[in-house]
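Since the structure comes first, as structure tokens, the remarks are kept for the end.
Values below: all heavy atoms of this structure, side chains included; hydrogens, waters and symmetry mates excluded.
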Amino acid sequence: MRHSAKSPLPHISPLLTPLMYRLLGDIVLQQYFRYLEVHGQEQVPKSGPVILAPTHRSRWDALIIPYVTGRRVSGRDLYYMVSHDEMLGLQGWVIGHCGGFAVNTQAPAVSALRTGVELLRRGQALVVFPEGNIFRDRQIHPLKPGLARLALQAARRCEEAIQIVPILLDYAQPYPQWGSDVKVIIGAPLSTGNYDLICPKSAAQQLIGDLFGALQQLQEGRSLLCLT
């Protein structure tokens, strides 16, 4: 992949980011939700290039994911590839200072893909919502192909495989209200080492299909996990 111009990498504020982890996790999330139950945190890699691939059910997702997979769990900060509308207002300002950068989910720009590849090449953890938009019907929707292209392009430039972690967010209410419940289920990572990088198109299709299947399995298994 040619680099005609380098875009600045997303910013992680050394002051705001740890403050937000503590403020949101210990105060906001714990106070807003009655139960925030997490399964599978041991599946989150603590080193190496990682794509966290959660379902997208609410604007709360961008706050919950770092709380259940970020520095206090994995010892690492997260970067975010998020839609333009999620970078608006106060939420956008916070995300922009905590590793977030915007991408057009309908027609991703080359610069956004390049930024994601560079972050993974540096061994970072990147959050990508593979469904692209928020869906509140508790169904797994068709995944955008951009995640697979990103993972496979990064894999060709990295010394180690990219790990892709499926994550299911399951809210008790479509629009979470004060005192509602939320469950997070983290699945086993998929590895780009299991796909043929010589045939990127077929490898991307297979990877997206496998990720869709992994998210469906988490969805089907959520009813077996009862809130305590």
Which pair of non-hydrogen atoms, one from [X] and one from [Y], has the smallest distance, and what is that distance?
| X | Y | answer |
| --- | --- | --- |
| V165 | I186 | CG1-CG2, 3.5 Å |
| L126 | G116 | CD2-CA, 3.9 Å |
| L215 | A53 | CD2-O, 3.9 Å |
| A151 | I51 | CB-CD1, 3.8 Å |
| Q43 | A188 | OE1-CA, 3.5 Å |
| L197 | T192 | CD2-O, 4.4 Å |

Check ring-ring contact (aromatic ring centres under 6.0 Å, His included) between F129 and all other residues, then give those that pass, not counting sequence neighbours.
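Expected list: H56.
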Can you name the ring-ring contact (aromatic ring centres under 6.0 Å, His included) partners of F135, sequence neighbours left out?
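Scan of F135 (ring-ring contact (aromatic ring centres under 6.0 Å, His included), adjacent residues dropped) gives H141.
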Can you name the residues that form a side-chain contact (heavy atoms from CB on, under 4.5 Å) with [X], not counting sequence neighbours?
| X | value |
| --- | --- |
| P200 | R156 |
| A204 | A148, L152 |
| S191 | A161, Q163, N194 |

Donor-acceptor pair, [X] side chain versus [Y] backbone, under 3.5 Å?
| X | Y | value |
| --- | --- | --- |
| Y79 | L9 | no |
| T17 | P14 | no |
| R121 | P49 | no |

Side-chain heavy atoms of [X] within contact of [Y], under 4.5 Å:
| X | Y | result |
| --- | --- | --- |
| D181 | E37 | no |
| D170 | V182 | no |
| R136 | R57 | no |
| V68 | V73 | no |
| L78 | I12 | no |
| T115 | P10 | yes |

Could you tell me if Q30 and Y67 have a donor-acceptor pair between their side chains, going purely by distance under 3.5 Å?
yes
Can you list the steps and then say if R114 with E118 is a salt bridge (charged side-chain N to carboxylate O under 4.0 Å, His left out)?
CA-CA 6 Å; R114 183 181 297 139; E118 181 61 20; over 6 Å; no
Counting only heavy atoms from other residues, nucleotides and ligands, does the tally under 6.0 Å from NZ of K201 exceed 12?
no
More than 12 foreign heavy atoms under 6.0 Å from CD of E42: is that the case here?
yes
For residues 12-21, pull every pair meeting salt bridge (Lys or Arg N to Asp or Glu O under 4.0 Å), keeping only residues two or more places apart or in separate chains.
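Every pair satisfying salt bridge (Lys or Arg N to Asp or Glu O under 4.0 Å) with a residue in residues 12-21: there are none.
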Out of V127, D61, T69, which one pairs with P54 under the side-chain contact (heavy atoms from CB on, under 4.5 Å) rule?
V127
Does the ring center of W60 lie less than 6.0 Å from the ring center of Y171?
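No, ring centres 6.0 Å or more apart.
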